[in-house]
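Reading through the structure tokens given below for one structure.
Atoms within a ligand are numbered from 1 in the order they appear, just like the ligands themselves.
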Amino acid sequence: MSATLIKGTEIREQILEEITAEVADIKEKHGVVPGLVTILVGESPASISYVTLKIQTAHRVGFKEIQDSQSVDISEDALLALIDKYNNDDSIHGILVQLPLPKHIDEKKVLNAINPDKDVDGFHPVNVGRLMIGGNEVKFPPCTPAGIQEMIVRAGVETKGAEVVVVGRSNIVGKPIANMMLQKGVGANATVTIVHTGTKDLAAHCKRADILIVAAGVPDLVKPEWIKPGACVIDVGVNRVGEKISEKTGKKIAILKGDVDFDAAKEIAGYITPVPGGVGPMTITMLMLNTLKSLKFKLGLA
Ligand code: NAD
């Protein structure tokens, strides 16, 4: 058997087109567009490339976008004042602070200073609480888990009553996706198990999974014999395992591998996400969706 590939690159294009159309419609009817600001402190090449991609995507879907770059030695107070400025700017509906921040700044304090109604990353404790309560309380599900759920739904995989096993218990992937999958509602209503470094028999749990979501950061952790035939396997892991020369650009690029032994797993699973091109492209896409939602909440459209 060869699994159906769930391609994040294709789903991204569909969702970005939907967002673009909705932004144009809101602009025509209400005269406003969603506004997203990304705050970048310092000049880490990785952070610059993430922020650039976010800003380019925001531009593509018709948002107002601001990239606010600050020097690496900005004080914590000055950064908090900057966040306050955007909290009070009516044209901004989403505020994103690119992590990591320099050591002299308390990341938690900074993230907690963002108005929860503009916290489109969904990391503020108020939004974590809203996610836990579920239903209409949820405003901004964190982007990577939201992307995972969207992929499962768009692939047409049944979640109601499904055995979902999540490998990993991080605050940005494992815990929130487990919480989302157990809520009553579309793309959820599943029976969820979280496994982690303290779990006794990882393989036994994985083998039970109708939907296996792996976010461990360990290349090839999940072996093909751990996969239930026909299961839906979502591989969140992004592991750099070497370098190669890009055929397109002729430049050196990282060789990426997921947490699942893809070549063998695809012969057993019913659905599987590739790495790269699977979950990865969904994160920024869901950031755009959250920013659009933020404006819709403000206008009473959501
Ligand atoms: P993390 O390091 O914060 O958490 C990893 C979790 O996996 C931990 O809870 C740990 O207990 C568990 N784990 C690690 N090794 C294990 C093992 N051998 N057995 C059982 N459990 C184990 O990582 P994270 O931030 O959740 O990210 C996980 C992976 O997903 C990374 O590869 C990361 O790069 C990737 N990621 C991708 C995206 C994206 O594609 N957009 C977003 C976030 C994270």
Side-chain angles (χ1 to χ4, degrees), residues 5-12 15-16 38 44 46-47 49-54 56-57 96-100 107-108 111 120-123 128 131 140-152 164-181 192-209 212-223 225-227 233-242 253-262 265 272-290:
L5 275 189
I6 310 179
K7 293 183 186 163
T9 41
E10 283 178 8
I11 299 175
R12 169 184 62 194
I15 297 176
L16 291 181
T38 56
S44 138
S47 292
S49 81
Y50 292 139
V51 164
T52 306
L53 203 54
K54 287 168 189 170
Q56 282 171 347
T57 311
L96 181 138
V97 177
Q98 186 64 45
L99 301 179
E107 250 174 38
K108 217 180 191 179
L111 294 183
V120 287
D121 248 345
F123 293 150
V128 176
L131 192 79
F140 307 119
C143 300
T144 301
I148 294 169
Q149 191 178 37
E150 192 70 31
M151 294 177 99
I152 295 171
V164 171
V165 175
V166 177
V167 184
R169 57 180 158 187
S170 72
N171 288 327
I172 63 164
V173 190
K175 277 194 257 181
I177 188 60
N179 183 27
M180 288 162 76
M181 296 306 293
V192 181
T193 306
I194 306 183
V195 297
H196 43 75
T197 43
T199 299
K200 278 189 186 143
D201 190 347
L202 208 57
H205 287 286
C206 292
K207 276 181 198 167
R208 285 191 294 105
L212 180 62
I213 301 169
V214 193
V218 180
D220 289 347
L221 173 70
V222 172
K223 313 291 176 237
E225 59 274 20
W226 297 10
I227 294 168
V233 179
I234 307 287
D235 189 352
V236 190
V238 179
N239 307 292
R240 285 165 196 268
V241 294
I253 52 167
I255 300 172
L256 301 179
K257 226 175 187 317
D259 289 351
V260 176
D261 178 353
F262 178 82
I272 193 163
T273 60
V275 178
V279 175
M282 296 298 292
T283 301
I284 291 180
T285 308
M286 302 318 280
L287 178 71
M288 301 303 133
L289 205 56
N290 276 350

Considering only heavy atoms of L202, which atoms of ligand 1 have at least one such atom less than 4.0 Å away? 19 (N), 20 (C)

Tell me: protein heavy atom nearest atom 25 (O) of ligand 1, and distance? I172 CD1, 3.5 Å

Closer than 3.5 angstrom, by distance alone: can the side chain of N239 be matched with the main-chain N or O of K257 as a donor-acceptor pair? yes

Residue V218 vicinity, atoms of ligand 1 by number, heavy atom under 4.0 Å: 15 (N)

min-distance protein heavy atom vs atom 34 (O) of ligand 1 -> V238 O, 3.5 Å

Of all the atoms in ligand 1, which lie at a distance below 4.0 Å from a heavy atom belonging to V173? 26 (O), 43 (C), 44 (C)

Heavy-atom protein contact below 4.0 Å for atom 3 (O) of ligand 1: yes

Under a 4.5 Å cut-off applied to non-hydrogen side-chain atoms, are I272 and L5 in contact? yes

Check each of R240, H196, K257 against atom 21 (N) of ligand 1 and report the one with the nearest heavy atom. H196

Check: Y50 and T283 side chains under 4.5 Å, non-hydrogen atoms: no

Starting from atom 42 (C) of ligand 1, locate the nearest protein heavy atom and write down its residue, its atom name and how far away it is, to 0.1 Å. T144 OG1, 3.3 Å

Is there side-chain contact between I227 and V260, with heavy atoms separated by less than 4.5 Å? yes

Can you name the closest pair of heavy atoms from M282 and G147 and give their distance? CE-O, 3.6 Å

Tell me: protein heavy atom nearest atom 40 (O) of ligand 1, and distance? G280 CA, 3.4 Å

The protein heavy atom nearest to atom 24 (P) of ligand 1 is S170 OG, 3.7 Å

Does the residue G174 have a heavy-atom contact with ligand 1, meaning some pair of atoms that are separated by less than 4.0 Å? no

4.5 Å side-chain heavy-atom contact, T38 and Q98: no

Looking only at heavy atoms, is any part of T199 under 4.0 Å from ligand 1, and if so is it the side chain, the backbone, or both, or is it neither? neither

heavy-atom search around atom 22 (C) of ligand 1 in the protein gives T197 CG2, 3.6 Å

Among P145, A215, G278, which residue places a heavy atom closest to atom 28 (C) of ligand 1? A215

If you have a sec, work out which protein heavy atom is nearest atom 35 (C) of ligand 1 and how many Å separate them, to one decimal? V236 O, 3.3 Å

E150 vs T285 side-chain heavy atoms within contact, under 4.5 Å: no

Residue selection (non-hydrogen contact nearest atom 31 (C) of ligand 1) among P142, G217, P276, G168: G217

Is there side-chain contact between C143 and I284, with at least one heavy-atom pair below 4.5 Å? no

Please report which non-hydrogen protein atom sits nearest to atom 9 (O) of ligand 1, along with the residue it belongs to and the distance in Å to one decimal place. R169 N, 2.8 Å

D261 side chain vs D220 backbone, donor-acceptor pair below 3.5 Å: no

State, to 0.1 Å, how close G122 and V128 come at their nearest heavy-atom pair, and which atoms those are. O-CG2, 4.0 Å

Near T283, which atoms of ligand 1 are under 4.0 Å from a heavy atom of that residue? 39 (C), 41 (N)

Side-chain touch D121/L287, heavy atoms, less than 4.5 angstrom: yes

